[in-house]
Amino acid sequence: MSNKAMAKTLNIDFMGKRRWAAILSGSVLVVALLSMLLRGFDFGLDFTGGTVIEVGYQNPAELSEVTAALEAGGFVGATVQHFGSRQDVLIRLAPDADEDEGTSAQLSDRVFQALSTAAAEEVELRRVEFVGPQVGEELREQGGLAMLFSLIGILVYVALRFEWRFAVGSVVALVHDVIVVLGIFSLLQINFDLTVLAAVLAVIGYSLNDTIVVFDRVRENFRRMRKGTVIEIINASINQTLSRTVVTSCTTLLVLIALYVLGGEVISGFSLALIIGVVIGTYSSIYVATASVVWLGLSKTDLLPPEKEGAGADVRP
Amino acid sequence: MNRYPLWKNLLILGVVLFGLVLAMPNLFSQDPSIEISPARGVEVTAASVDEVRAVLDNAGVPYKDVELSEDGRLLARFALSGEQLRGQEVIERTLAERYRTALTLSADLPGWMRALGLNPMSLGLDLRGGIHVVIDVDMESALDQALERYVSDIRAQLREHKIRYLTVLREGSEILVKFKDEETRDAADKLLGREFRALELTNSERGGTYLIQVALLPAEQEQIKDFALKQNITTLRNRVNALGVAEPSIARQGERRIVVQLPGAQDPGRLKDILGATATLEYRLVDTEHSVADAVSGRVPVGSRLYRDRDGVPILLKRRVIVTGDQITDASAGFDSQSGTPAVFVNLDGQGARRMRNVTTENVGKPMAVVFIENRTTTELVDGEPVKHTQKVEEVISVATIREPFGRRFQTTGLDSSEEAHNTALLLRSGALAAPIQIVEERTIGPSLGQDNIDQGFRSVMIGLGLVALFMALYYRVFGLVADLVLVVNLVMMVAVLSLLQATLTLPGIAGIVLTVGMAVDANVLIFERIREEIRNGSSPQASIRAGYDKALSTIVDANVTTLIAAVVLFSFGTGPVKGFAVTLFIGIVTSMFTAILGSRAVINLIYGRRNVKKLAI
């Protein structure tokens, strides 16, 4: 019962603090963009090309020994790290400019042979991934295009279903979310691979979901509430949808945390990107998307149905 | 009162039951198995089952079952993949003469499920282990080869028609033909325009010499590229079949790539050997004077050799080679202009043409055969050192009767279908004209990592589901429990749709399932919050339920459509892992709209709809 009482009395002046939020968002965006420009990304194999080999030892493996075994086999400059557990070792080799791609593809076989000869125990080849440099370039390109096209698709849909200010507001919020998630990956130099890209696109979907719910309520209230300023109506709408926003974010975060903790190393980047994205997306649907609509000068007449259709006009199939 | 009409309840129940049945095969374990298919001329019978059992028993390899499948094969099931590998070794060692083996996974389904054609979800390579390779076909050199071919063809044509030219040479993506005077040039232009429809000819004059600039028409370029890709796919398919993988997939990706997927395969080295195989072919006369039966029993006449065709039928050919693959300049499939039946058109170079004319003039009415020869290299580990073996595979791919003498250009008719004509043309070209290929992407997943991925994925789905269910039950009480019920149903429906479509489930796909579990409750949250609001505004319980569902609907649709847009974009731009995620996300959103809106309403109507309720447990 306590939560009901709480929800009833909630009347937070969200829009009153929109200037502070703008300053916060602005500075986070600047930091994120600066980091992307200056530090760049720790791009994964998918985008850079190269070879990744994951091997499993029966006993905890010493990284220095693995590196020594690799160097003995003539592989200098490989990155060696534990992956998930101390028995698992991940070896990353940069794409070799001298060799043509045919021989790079054979590289993994030779590396595995070098490790097997050096180790006293049996080594298990768990995973080999080789991506040629030109494929890496294409994947980067496709990723950018995918992001662009989903933003355009969303812009069109929201503009059709609502109004252009809402479309612009939601896309501004989505761009904001994408930049912040990418910025955090750049700032902390977390490995950025194809699955993270998929997660960023899923963030777009999720964050939009949140924004649409708020917008929907704003539209409904504009048509229903005769009294009150634009700011008041928007504040009321956000307050009315707040408990839903919090509950959905919580359930989504719960599964994402389960995925992050239990899902294994391969998709940890994916879950992390989504966790960040869900938090940011919740914030941005209020302070970026809705605030943008206010700044764009939404007035009460903008959302009134074009003709007199009565109260049922807002319930669409 | 909130009641669904009976038909609506029954419809929902029907869909859910249908989903349950479709999802059911996934409850059965997927056994590591060996698919045993008979060699040519061997039939699988009940006796073969006993034979395989005996072999496994003798070697002390534990197995679950050996059974006869409908398609005339045997399937041996094992509990562990280690036993499966040992089993394959034993069978290969003792029964290789008559059977071929391939590793596979197969669900241990009861008969009625198999009869209904039900299947479990198909697992991606990252979940079941295997090799994924992307191969790039070098289109530039395919075009280069084509131009080189035209250079010699143009020379031959001009010479044949006694048109004097200065030079024929290649310059970048063009061929330049130079002449001393305008007249000769115009005569050549007429001839070439008639002979080579696929070329674009431009006349010009430069410093006293008269030129024809020759370029490939865009359509011809497309055709060359298309052919190069198809030809590589055909030869790859032939070679990959030799690898002993149950469901190899070789597919075209975009304009110049080929994706090869070998589920269960563990040795990328062997695949690379196979990709590196070279092929050639030889035209030989058929030996019609001697008996094939004699040759099969060991008395091969001097000057002849015994070959086999694709179906294993023996055929006796003369030892003398007429023409080899590198003398073929082009081969294409088409239709005979007179009879309209499928035909293969072959072009030879000058030297080949002369030999061919001599031999065919002497042998009109006699059959001639084409032998396809492939050199496969296999690498084996001997005492820890890789040792390469080269194996020569020879097959007769076509036999035809010489109707009249021919030389540079000829056609082979009497093929069964245009499909066969097409394949023969591809094989003929691969003799010398194969566009070079290289591996641009490789992903190999070991079986243990695949299993780990399944386990981790399964665990995260279950724990995520549990946490969400607990949260919802605590927060929304009875309504929360209803949401939990439809959430589980949603999971079943997702599995059902994935099984039905046989869409490949990957690890990112599981992540998509987990994410939709979190997001699927959103629709219910929206509805329940609305109901609470209505109650706060003083509406009656029944009216609140109705208004809650009605008012939340447009919001839910809007929110989900936008996520669907993102999923569709992900699917169309993504490759491999991203696609898998997009598929489950898409399916999850669609099924959740059904379960969260219609399903939950039906249950809530059943609980509250008929009574005169004072208060809702929400």
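First the proteins, then the strands, lettered A, B, ... as listed; each starts at 1.
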Aromatic ring centroids of B/F571 and B/F581 under 6.0 Å?
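No, too far apart.
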
Among [options], which has the most heavy-atom pairs under 4.5 Å with chain A?
{"options": "B/T562, B/L507, B/V134, B/I445", "answer": "B/T562"}
{"options": "B/A511, B/A566, B/G457", "answer": "B/A511"}
{"options": "B/V461, B/I510, B/I437, B/V561", "answer": "B/V561"}
{"options": "B/V568, B/N453, B/V514", "answer": "B/V514"}
{"options": "B/V133, B/L564, B/L526, B/I463", "answer": "B/L526"}
{"options": "B/A520, B/S460, B/A552, B/G129", "answer": "B/S460"}

Are [X] and [Y] close enough for a salt bridge, meaning some N to O gap below 4.0 Å?
{"X": "A/R127", "Y": "B/D452", "answer": "no"}
{"X": "B/E533", "Y": "A/R217", "answer": "yes"}
{"X": "B/E534", "Y": "B/K551", "answer": "yes"}
{"X": "A/E54", "Y": "A/R126", "answer": "yes"}

Mind checking whether B/F528 and B/Y476 have parallel, tilted or perpendicular rings, split at 30° and 60°?
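The rings of B/F528 and B/Y476 stand perpendicular, inter-plane angle above 60°.
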
In terms of heavy-atom pairs under 4.5 Å, which option from A/L201, A/I154, A/V247, A/V261 contacts chain B the most?
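Most heavy-atom pairs within the cutoff with chain B belong to A/V247.
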
For [X], is it the side chain, the backbone, both or neither that has a heavy atom under 4.5 Å from a heavy atom of chain A?
{"X": "B/V521", "value": "side chain"}
{"X": "B/M472", "value": "side chain"}
{"X": "B/D455", "value": "neither"}

Full working for salt bridge (Lys or Arg N to Asp or Glu O under 4.0 Å) between B/R530 and A/E220
CA-CA 13 Å; B/R530 275 290 184 160; A/E220 188 188 324; 2.5 Å; yes

Please classify the contact of A/L151 with chain B as side chain, backbone, both or neither, using a heavy-atom distance under 4.5 Å.
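The answer is neither part of A/L151.
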
